[in-house]
Amino acid sequence: MKFCPECASPVSLSIPAGDNRPRYVCTSSSCATIHYQNPKMVLGSIPVWERDGQLQVLLCKRAIEPRYGYWTLPAGFMENNETTGEAALRETQEEAGANIKLGKLFTLLNVARVHQVHMFYLAELLDLDFAPGEESLEVKMFTEQEIPWDDLAFPTIRTTLELFFADRVNIREGGSYGFHTQDIIRNMRSDLDPT
Ligand SMILES: [Zn+2]
């Protein structure tokens, strides 16, 4: 940040009285607004279609940077005035044109290094009437064997899919889906912007 969004004066990085971290503070004495910066929430879903014991997961091929051409679960930044579930539904509709029924929250992944928290909901596809949105080149269903592990866009996508298929093994043995939290520390530049 270089200029104050309130009054357009330059900002300086300093620790306000009573605080313990550097903040962007407006240098205009009549404004002096402190601009706090906090982590962003990224919401997505794991849309699946299951018939005759065959399970497929919907992935989107990114039509935008970063990670253009790599595969992702539908996900993006949460907007103001929406809930986490609404954000996951909206992103799935926008990126994949997919109609889903949301299930339980499945992963909560801290990507502290890039100031983000990623969350993915379990989801059932209601039909196969999907189509790529503006941010996707292609939308496709994958069985576990077909998942393009080497061409996934972000570490949180890989982690979520790994946990998902691990839970599928437990489910075959009578278990159920868990709720998983992890801190992602892998040093990949590509998790900078997972929209
Ligand atoms: Zn200002």
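Whatever order the structure lists them in is the order used to number ligands and atoms, beginning at 1.
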message = Considering the Zn ion (ligand 1), could you give the total of protein N/O/S atoms lying closer than 2.8 Å?
response = 4

key: Residue pairs fulfilling side chain to side chain donor-acceptor pair (under 3.5 Å) with at least one residue in residues 97-109, sequence neighbours excluded   = Q93-N99, N99-D127, T107-T160

message = Under the side chain to side chain donor-acceptor pair (under 3.5 Å) definition, can you give me all pairs with a residue in residues 40-60, not counting sequence neighbours?
response = S45-T92, E50-R168

Listing, residues 141-151 side-chain donor-acceptor contacts under 3.5 Å, not counting sequence neighbours, or none:
from	atom 1	to	atom 2	distance (Å)
T143	OG1	E146	N	3.4
T143	OG1	E146	OE1	3.4
E146	OE1	T143	N	2.9

request  = State yes or no: do I157 and Y68 share one hydrophobic cluster built from I, L, V, M, F, W and Y residues joined by side-chain heavy-atom distances below 4.5 Å, directly or via other members?
outcome  = no

Q182 vs L163 side-chain heavy atoms within contact, under 4.5 Å = yes

request  = Supply the atom-to-atom distance L109 CG to I184 CD1, rounded to the nearest 0.5 angstrom.
outcome  = 4.5 Å

